[in-house]
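As the structure is a computational prediction, the values presented were derived from the model and not from experiment.
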Amino acid sequence: MAGTIHHKVTIIGSGPAGYAAAVYGARAMLEPAIIAGLQPGGQLTITTEVENYPGFPMIMGPELMEHFKEHALKFGTGFYEDVIIDVDFSRHPFLMKGSGGVAYTADSVIIATGAQARWLGLPSEARFKGFGVSACATCDGFFYRGKQVMVVGGGNTAVEEALFLTKFASKVILVHRRDSLRAEKILQRRLFDNEKVDILWDTTLEEVLGTDSPTAVTAARLKNVKTGEISDRDVQGIFIAVGHKPATEVFRGHVKMNEGGYIETAHDSTATSVPGVFAAGDVSDETYRQAVTAAGLGCMSALEAERWLAEQAAEMSVSDAA
């Protein structure tokens, strides 16, 4: 398949932000299209139970994303299973190139490619992902009421996750490979003052231990980096908090980003440094990273794209009349 496909609004990414943008864009007669990307449906497709999305007291992540997709397609959203490998936002209409050789052009673009948690890369970590290993305490902490859990990391995210988990867990063990934390001092004080928290310094997670039937985490195998001593610690949940990586590499040099690679947007807006290009969801949100906030930003981006396109049409009418 090759050629050029044009839409008024093209949405790059198919997570909650992308689908929400499509629903609002389609209802505004913007003829939107979604380019799904490498992981259609986003991070929720690798999430098991979701209990914090309004309207669904309990739903499986992949099922929730199917509802999102059906809703967007119901209103006529175009859908392309392709991956964008290059963009040109210096021309108009904007140009995007797919991995299959298709060129996509659009009057306005919404970037909703999301972000992925950084993992340690352990085979056992992957084995129990979604079954006791998580990268989101806000999403999954509720499942560990009265249980003992572990958090791996030493920055703000790790400390915040550990503090949040103390609301549910009987004990929270923070594992850090160094002898001091990188987190802000005020967060460190809160952590040190919390009686539910134990800290294991100079320690790394070597292996996640558990059972296959049912699939569940039972312990963590740890290594002291100074002594080399190996020990096991009983835990029912392990939270990896070593950062996130936004999926923005293809946009580098085309829109303004911060040092972490997140796309910068105007205050209280999804507008990027390029007029007509908007960013929604985890690709620009390094604070909340929730499906519901991503969907809200997706809504905002579609409304802002509609407004921007209307302004461009009005300016063109004035120019033609002159």
Evaluate the criterion side-chain contact (heavy atoms from CB on, under 4.5 Å) for residue pair R233 and L200; output intermediate values, then yes/no.
CA-CA 11 Å; R233 190 74 177 252; L200 298 181; 3.9 Å; yes

Taking a hydrophobic cluster as the set of Ile, Leu, Val, Met, Phe, Trp and Tyr residues connected by side-chain heavy atoms closer than 4.5 Å, whether directly or through intermediates, do [X] and [Y] fall within one such cluster?
| X | Y | answer |
| --- | --- | --- |
| L64 | V292 | yes |
| V255 | L95 | no |
| F164 | F142 | yes |
| F143 | V133 | no |
| V235 | L209 | no |

Parallel under 30°, tilted from 30 to 60°, perpendicular over 60°: which one fits the rings of F75 and H71?
tilted

Going by the angle between their ring planes, with limits at 30° and 60°, are F89 and F251 parallel, tilted or perpendicular?
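F89 vs F251 ring planes: parallel.
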
Would the number of heavy atoms belonging to other residues, nucleotides or ligands and lying under 6.0 Å from [atom1] of [X] be above 12?
| X | atom1 | value |
| --- | --- | --- |
| R177 | CZ | no |
| E81 | CD | no |
| E195 | CD | no |
| L38 | CG | no |
| K223 | NZ | no |

Answer yes if the ring centres of Y80 and H7 are under 6.0 angstrom apart, and no otherwise.
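Y80 vs H7: aromatic centres under 6.0 Å.
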
How about F68 and Y53: are their ring centres within less than 6.0 Å of each other?
yes

Listed once per pair and sorted, the disulfide (SG to SG under 2.5 Å) pairs that draw on residues 95-175, sequence neighbours left out:
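Residue pairs passing disulfide (SG to SG under 2.5 Å), neighbours aside: C136-C139.
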
Would the distance check show the side chain of [X] and the main-chain N or O of [Y] forming a donor-acceptor pair, the cut-off being under 3.5 Å?
| X | Y | result |
| --- | --- | --- |
| K171 | D198 | no |
| T272 | V277 | yes |
| E306 | A302 | no |

Would you check, one step at a time, whether the test salt bridge (charged side-chain N to carboxylate O under 4.0 Å, His left out) holds for K69 with E66?
CA-CA 5 Å; K69 183 178 180 179; E66 276 302 309; 5.1 Å; no

Atom pair CG (L165) and CD1 (I173), whose distance is rounded to the nearest 0.5 Å:
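If we round to the nearest 0.5 Å, L165:CG and I173:CD1 are 11.5 Å apart.
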
Of the non-hydrogen atoms in M96 and A106, which two are nearest, and what is the gap between them?
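In terms of heavy atoms, the two residues are closest at CE-CB, 3.9 Å.
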
Considering all heavy atoms, the nearest D234-Q148 contact:
O-NE2, 2.6 Å

Could you list the donor-acceptor pairs under 3.5 angstrom formed between side-chain atoms of residues 21-28 and any protein atom two or more places apart in sequence or on another chain?
none

Evaluate salt bridge (charged side-chain N to carboxylate O under 4.0 Å, His left out) for D88 paired with K97, printing each intermediate quantity in order.
CA-CA 9 Å; D88 185 355; K97 296 179 181 179; over 6 Å; no

Short side-chain donor-acceptor distance under 3.5 Å, E264 and S273:
no

